[in-house]
Amino acid sequence: MGARALLWAPLLLLLVPPSQLPGAAAQGQVCSVDKTLINIEENSSPRPLVNISVPDGQHVTLGSSSTPSAFQILGNELFLNVTPDYEENTMLEAHLECRRGSTVVTQLVVLVSVLDVNDNAPEFPFEVKEWDVVEDTKVNSTVIPEGELKATDKDKEDVLYYTLQEVTPNASSFFSLMGVNRPALRLDRSLDFYQWQGMTFQLLVRDTRENVEPSHTATATLVLHVQPADLRPPWFLPCSYSDGYVCIQAQYHGAVPTGHILPSPLILHPGPIYAVDGDRGINTHIRYSILGGNTDNTFVIDPDSGNLTMAKMVPRDTTFILLIRGDQADQARYSVTQVTVEARSAAGRPPHFPQNLYRGIVAPGSSAGVVVRDTASPSQPLRIQAQDPEFPGLNSAITYRITNCSEFRMNGETVFTAMALEHERIFYAEVEATNTVTGDTATAIAEIWVSEQAPPSIGTPGGGATAGGSSPEDQRFSTVDMAVLGGVLGALLLLALIGLAVLLSKHYGPQLLCCSRKAAQLPPHGFDNQAFLGDHEDTKASAPSPTPDPMPVETLCAPPDPEPLSHKQPNPEPQVLEPPGPESPVATRGAGDSPSAVRSILTKERRPEGGYKAVWFGEDIGAEADVVVLNTAEAGEDGDAGSEGSGEEDTDQDRGPHDKLGNSTYI
């Protein structure tokens, strides 16, 4: 700016007449100023600029050519009336007119040169710039030209310095600027759509070098979108990855029965034939065809879905190795995989499911055709697969359908939604597997949660529903939960019964065993006088045994071979059990003994029913006396003596079939 001020000095000399030069003005009594060129920095505050010498009889005014509103004259001084701004006006002019009356005597020009000051920050023409970069862009090529990223500064003399700052970690390893004063963006490293689909930078500009004051900066956001390029062929799924990036595509296996044409698509392992564009960002449609191995044109493949079906039956056991080709719809790239199909003869055993309950999940708001995911592995689809004992692998003769739930459908062994599911609910769908050759079926239950969150594991309180319908929201336990609970309670009840049996056996076992064995020792007719046994236990226990070698008590409670009881014996032969010793009073007494020799101790009245029992003792019972239990109230001639002792008259007609002396028993 000093150079510009120097250029104005000769110009002023040309414009001002010689008579108005300072020296001449002093001689001719004209107006004069002490400075005609003044340098001042922009943003300076108003101030006095020059002193004006005015002869007597004259006065000074601002001419119309002066910069509007920039100056004012106070007394004999010229003042700057505004704050100068270099960006608005670089030169201010004050035209002074000395007048005597209305006549202009002298004209003076005072120039104010405004010096530029770094008082403005640079500006970008954008706040956020988004730019697409194709992933196959060559390294060291310019991605964004300089003109798209250049900033501006109102300070004319400023030089701008640019810096690229990464927002996405490690993004600066891919891009850089062409230079510190050239903001063109350059690619330094190959792009990968799968690893870097977007990067963000901050572009900073400064109007001075670093550590220089004053300094102003500005920033803008730069967002780069990596676009996929058609670099990869189709991939047959599911993929296995050797490095997490390159797909080692699947090969498929299946089995069919000989002698039959299956109407449905073959079920293959690890899944149906399905390929996707290796450039998933482009996702071109794939079409399928059979390249080779299709002996006799036995199989047909759907070009759009990839479903493999049988066109002819296979007469004998054989193995087909089919080469399947998947082409991009634009025919730019293709891929080939292998499908092995074994034809086996089988008698046709019924299928069975390896588990009764399968659990899946699908998000609320899913439309029709959405695959149901496995709750145990949410990244994988829910697969419900029945097994055929004759086919260790897969039997394509087995087809699947859902019998009771219209919200879902089976596609092979995979479950899909059949309609839009808006709200969170739980479904129990019955899946039926049918062997199309034999007609045999098997069923399993699929518990499907329409939920954002993973369902609780089996055994914890969770949603439940009746098979085939939506679950009521207030139901808290599933049928499987109740079955598990019932099994646990049943086991606890069994343990309780076993414990009770052990306690009863411990405390009451000997008594129960003794009583049961006593019952087994009863005589064949079972006509013992039970009242006597109860009332005269002490007498019986103190009486000596008629046998020379009595059996111990514990042996009596457990006889080795108890004689079975018999309640009906036609025409029993009367038996007289005589005591072994000759001293028995009953055996030695005859019919003519005195009636007073025997006395009744139990009853004096005859009972009308048959099988009446009485117990008799001799009057001179001693320690060696035998006790006789009579099964009749009167028995033959000896019974007459008994009648006399009892005061009753009996006849033979009153006797029952067992009223014989032979039915007596010695104890």
Side-chain angles (χ1 to χ4, degrees), residues 237-238 262-276 283 285-286 288 301-309 351 353-386 394-436 439 441-455 462-473 475 478-480:
L237 302 182
L262 302 181
S264 302
L266 272 61
I267 298 176
L268 304 173
H269 179 81
I273 298 173
Y274 182 65
V276 297
N283 199 25
H285 179 68
I286 307 299
Y288 306 91
I301 193 169
D302 187 285
D304 293 315
S305 67
N307 287 334
L308 191 67
T309 56
F353 287 97
Q355 60 191 73
N356 294 327
L357 180 67
Y358 296 81
R359 308 183 81 208
I361 186 171
V362 65
S366 298
S367 59
V370 176
V371 64
V372 177
R373 299 289 174 179
D374 193 339
T375 57
S377 180
S379 62
Q380 300 296 324
L382 176 63
R383 308 187 80 88
I384 302 178
Q385 182 185 106
L394 297 176
N395 187 353
S396 295
I398 298 178
T399 60
Y400 302 87
R401 70 185 184 101
I402 293 178
T403 62
N404 61 341
C405 190
S406 60
E407 287 83 358
F408 301 93
R409 63 178 177 85
M410 297 295 297
N411 184 2
E413 57 193 30
T414 308
V415 184
F416 287 83
T417 59
M419 61 179 63
L421 302 175
E422 300 295 337
H423 306 290
E424 292 192 351
R425 301 172 70 183
I426 305 173
F427 295 87
Y428 276 75
E430 182 183 64
V431 180
E432 181 183 79
T434 303
N435 189 321
T436 57
T441 62
T443 59
I445 297 299
E447 180 186 270
I448 303 175
W449 289 63
V450 182
S451 174
E452 293 287 355
Q453 299 180 350
T466 58
S470 59
S471 169
E473 295 181 359
Q475 187 168 351
S478 67
T479 54
V480 176

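One-based numbering along the sequence shown.
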- Determine, step by step, whether V276 and L237 satisfy the side-chain contact (heavy atoms from CB on, under 4.5 Å) criterion, reporting the C-alpha distance in whole Å, the side-chain angles of both residues, the deciding distance to 0.1 Å, and the verdict. CA-CA 7 Å; V276 297; L237 302 182; 3.7 Å; yes
Query - Student check: side-chain heavy atoms of F427 and C405 closer than 4.5 Å - result: yes
- Query: So do the side chains of V431 and T443 get within less than 4.5 Å of each other, counting heavy atoms only?
  - Reply: no
Hits for side chain to side chain donor-acceptor pair (under 3.5 Å) against N307, two or more places apart or cross-chain, chain-then-number order -> S305
Minimal heavy-atom distance between P351 and A442, with the atoms involved, is O-CB, 3.3 Å
For R383, the side chain to side chain contact (heavy atoms under 4.5 Å, CB included) test, sequence neighbours excluded, returns P272, P381, E413, T414
Residues at least two apart in sequence or cross-chain that pass side chain to side chain contact (heavy atoms under 4.5 Å, CB included) with T434, listed by chain then number, are T399, E432, T441
*Should we say atom CD of Q355 is surrounded by more than 12 heavy atoms from elsewhere, each under 6.0 Å from it?*
yes
Residues passing the side chain to side chain contact (heavy atoms under 4.5 Å, CB included) test with P364, sequence neighbours excluded, are E424, V450, E452
The side chain to side chain contact (heavy atoms under 4.5 Å, CB included) partners of N356 (sequence neighbours excluded) come to none
Closest heavy-atom pair, I384 versus F353, reported as atoms and distance to 0.1 Å, is CG2-CE2, 3.5 Å
In this structure, CZ of R409 is separated from CZ of R401 (nearest 0.5 Å) by 15.5 Å
Taking every heavy atom of I398 against every heavy atom of A433, the minimum-distance pair comes out as CG2-CB, 3.8 Å
When rounded to the nearest 0.5 Å, the distance separating OG of S366 from CD of E422 is 9.0 Å
On a heavy-atom basis, the closest approach of H285 and D304 is NE2-OD1, 3.5 Å
Check: Are M410 and V415 side-chain neighbours, meaning at least one heavy-atom pair lies under 4.5 Å?
Finding: yes
For Y400, the ring-ring contact (aromatic ring centres under 6.0 Å, His included) test, sequence neighbours excluded, returns none
Throw together a table of side-chain donor-acceptor distances under 3.5 angstrom for residues 369-379, partners on residues two or more places apart or in other chains.
residue : atom : partner : partner atom : Å
R373    : NH1  : S379    : O            : 3.2
D374    : OD1  : A376    : N            : 3.0
T375    : OG1  : R359    : O            : 3.4

Flag the pair F408 / F416 as yes when their ring centroid distance falls below 6.0 Å, and as no otherwise. no
All heavy atoms of T436 vs all of P263, minimum pair found to be OG1-CD, 4.4 Å
**OP:** Determine whether V362 and L421 make a side-chain contact, defined as any pair of heavy atoms from C-beta on separated by less than 4.5 Å.
**Re:** yes
Smallest heavy-atom separation, A444 atom then Y358 atom, equals CB-CE1, 3.8 Å
